[in-house]
Amino acid sequence: MRLRFAPSPTGYLHIGSARTFIFNWLYARRHGGAMILRIDDTDIERNTEESMRSIFDGLGWLELDWDEQYRQSERLELHRRLAWTIFEKGLAYRDFTPAHAGEEAVSREGGPWLFNPGARELALEESARRAAAGEPFVLRFHVPREPARPVEFHDTVYGPQVKSTADIEDFALLRSNGMPTYHMASCADDMDLRISDVIRGQDHLSNTFKHILIFEAAGAAVPRFAHLPLLIAPDGAKLSKRRHGSVVSVTTYRDAGFLPHAYVNFLCLLGWSPKDNREVMSRQELIDAFRLEGINRSNAVVNFREQDPIDPKALWVNSEHLRNLPVAELLPRVRRVLECDGLQVPQDEAAFARTVDVIRSRFTTLNDFVTRGRAYFSDRFELAPEAAQKLNQPGARELLHELGARLSVLDDFDEQSIEAELRKLAIERNVKAGAIIHAARAALSGQPVGPSAFAVFTAVGRQRALERLRNA
RNA sequence: GGCGCUAUCGUCUAACGGUUAGGACGGAGCCCUCUCAAGGCUUAAAUACGGGUUCGAUUCCCGUUAGCGCUACCA
């Protein structure tokens, strides 16, 4: 079994493309097949190196891998050879009509454009002569239409598909600059790379009929096809950079502090279901559960809003992974965001792990560790307004100073001892323990809310905790 | 315009032709509690519309409507 993901490097890695990669990858991994990354860069006008980087960066960030890698621009001879083979079989012809000449005909008649008048009938000798004379031409597939016949295939997701050749235009195989078109290059490579299953976006569903004509003309076996429903915006439009901005780029989610796998997990839930109500799944669970039968047919909305550009479900999936991942797996990731923000990562690995474990359960993204969780890793943090309010309660500061003094002589700086000491103080001063607790949390973490205040003490560490009480 | 695809809560989705149409996110409420999360419980919220077929239709068929895709020398 051989799967491929074939992006064209004309923009950054789109979340829809990422999902397509993931479904191919899941299928390959589940069946022990090979995953192939093929860069479809035959459109030399629009390709960019930057886009290429974005694809590798994006896939790398998502921690997705592949077994083989190709670049179509390095395989042009193969594509051209196959195109001319089809020509020699009499199944393609040279069309000398200048570019765009056919467009007017379409708008005038209102009907579909099928071929340029006269081009199909051009005698072979004249065609060869004009080509030899250097006249530019496109090589077009000669779609059989008298009589027209149905082209059929079975899509694993969409079921039986049929279209009459009477409705298929004579599409181009080779451009006038000699470059193969997408259809030609893609099919030639799929044959050469022995792709067994083509899993791609539904926008290619109707193109598949053309592809089948090419496979047949080349005398090659037709792969299995499975088309994926598209990802769309809340307004029903196809996701596009121009209209929807950064929500379509995977880097947005990386920068927002998503765990790579959590985002993969979220993307999987768009258009696919394990059908057993599971949603939060590990990578292995995803591989084990993935079935093409679980893919549905209607487009999925990425539910973002103008003010809030990230789908709430994505955030939820991320927070689930964030709090349930083995801490050891989370640490390097937290370390990275801390370092990126110039924060000091604790030397003591065990203490670091405990701190992360204490605070992670109420965080939703990795970025929370340097924002809401800043006080756990740095002395330069801001006191949230609501936290300041708690500190400004009458008598609160004095109580914290006293608490600090008492805790400083404690033998064991653990949660039980701290709690005992704090409650004793509350009773002596005849105040509610909660008042001291809330003020302490505010002083230690800069936040009005958070983990158990006693856990905050140990997470922040003795030295810092006492210092913050003193300076409260 | 032509051809094709699709249609279940706001969103993601589940439901051999027989279910009080299920779950999740988000919303509302309650419980728990040192706060906030988490967790538990409760709640509002859907089969686009019209015809068939059938004892019975979310499910099968047709039509309408809507959305999307393709209709390039883009992919």
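Chain letters run A, B, ... following the sequence lines, proteins first and then strands; every chain starts at 1. Only a predicted model underlies this, so the values are computations on that prediction, with no experimental measurement involved.
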How far does the C1' atom of B/C16 sit from the matching atom of B/A75, given to the nearest Å?
-> 41 Å
What's the closest nucleotide to the A/K238 side chain, out of B/A75, B/A14, B/C68?
-> B/C68
Determine, for A/K424 against A/E419, whether the closest basic-nitrogen to carboxylate-oxygen distance falls under 4.0 angstrom.
-> no
Which listed nucleotide (B/C34, B/A37, B/C70) is nearest to the side chain of A/A453?
-> B/C34
Closest listed nucleotide, where the reference is the side chain of A/S452 and the choices are B/A38, B/C3, B/U35 | B/U35
Looking at A/R46, does any N or O in its side chain come under 4.0 Å of the phosphate oxygens OP1/OP2 on B/A75?
-> no
Opposite nucleotide pairing with B/U33, Watson-Crick or G-U, both atom distances under 3.5 Å | none
Output yes when at least one side-chain N/O atom of A/K275 is less than 4.0 Å from OP1 or OP2 of B/A14, else no.
-> yes
If you look at every strand shown and take non-hydrogen atoms under 4.0 Å, does A/G450 touch a base, only sugar-phosphate, or nothing?
-> base
Taking the side chain of A/P312 as its heavy atoms from C-beta onward, which of B/G26, B/C34, B/G69 lies nearest to it?
-> B/G26
Check: A/K313 side chain, B/A24 base, donor-acceptor under 3.5 Å = yes
Would you indicate what A/N296 reaches in the nucleic acid, counting non-hydrogen atoms under 4.0 angstrom: base, sugar-phosphate, or nothing?
-> sugar-phosphate
With sugar-phosphate meaning primed atoms plus P, OP1 and OP2, does A/F454 contact a base, only sugar-phosphate, or nothing at under 4.0 Å between heavy atoms?
-> base
Ion pair A/E398/A/R429, N-O distance below 4.0 Å | yes
Validate the cation-pi geometry between A/R120 and A/F115: distance from NZ or CZ to the six-membered ring centre under 6.0 Å, angle to the ring axis within 45°.
-> yes
Is A/S206 side chain donor-acceptor paired with the B/C3 base, going by distance under 3.5 Å alone?
-> no
Which is true for A/Q161 with a 4.0 Å heavy-atom rule: it touches a base, it touches only sugar-phosphate, or it touches nothing?
-> sugar-phosphate
Consider the side chain of A/R323, meaning its heavy atoms from C-beta on, and name the nucleotide among B/U8, B/U35, B/A37 that approaches it most closely.
-> B/A37
Most 5' of A/S176 and A/E320 on RNA chain B, judged by nearest nucleotide | A/E320
So which nucleotide from B/A75, B/G69, B/G22 ends up closest to the side chain of A/N277?
-> B/G22
How is A/E279 classified with respect to the nucleic acid when contacts are heavy atoms under 4.0 Å: base, sugar-phosphate, or nothing?
-> base
Pair assignment for B/G26, Watson-Crick or G-U wobble, requiring both distances under 3.5 Å | none
Per A/L230 side chain, nearest of listed nucleotides B/C68, B/G26, B/U11 = B/C68
Output field: ring centroids A/H321/A/F266 closer than 6.0 Å = no
Base, sugar-phosphate, or nothing: which does A/A172 touch, judged by heavy atoms less than 4.0 Å apart?
-> sugar-phosphate
Regarding the side chain of A/V301, the nearest nucleotide among B/U11, B/A75, B/C5 is B/U11
Ignoring hydrogens and angles, does a donor from either the side chain of A/N207 or the base of B/A75 sit under 3.5 Å from an acceptor on the other?
-> yes
Just checking A/G271: base, sugar-phosphate only, or nothing, at a heavy-atom cut-off of under 4.0 Å?
-> sugar-phosphate
B/C3: pairing nucleotide in any strand, Watson-Crick or G-U under 3.5 angstrom | B/G69
Base, sugar-phosphate, or nothing for A/T42, non-hydrogen atoms under 4.0 angstrom?
-> sugar-phosphate
How is A/P451 classified with respect to the nucleic acid when contacts are heavy atoms under 4.0 Å: base, sugar-phosphate, or nothing?
-> base
Could you point out which residue of A/F215, A/F153, A/F171 forms a ring-ring contact (aromatic ring centres under 6.0 Å, His included) with A/F209?
-> A/F153
Could you check which of B/C25, B/G69, B/G2 has an atom nearest any side-chain atom of A/D203?
-> B/G69
Reckon A/H227 touches a base, only the sugar-phosphate, or nothing at all at heavy-atom distances under 4.0 Å?
-> nothing
Donor-acceptor pair present, A/R441 side chain and B/C34 base, under 3.5 Å | yes
To the side chain of A/R297, which of B/C3, B/A37, B/U6 is closest?
-> B/U6
Determine, for A/R149 against A/E216, whether the closest basic-nitrogen to carboxylate-oxygen distance falls under 4.0 angstrom.
-> yes
Which part of the nucleic acid does A/V138 contact within heavy-atom distance under 4.0 Å: base, sugar-phosphate only, or nothing?
-> base
Measure distances between side-chain N and O atoms of A/D167 and base N and O atoms of B/G4, and say whether any donor-acceptor pair falls under 3.5 Å.
-> no
Nearest 0.5 Å, what's the CZ-CG distance between A/F21 and A/L62?
-> 9.0 Å
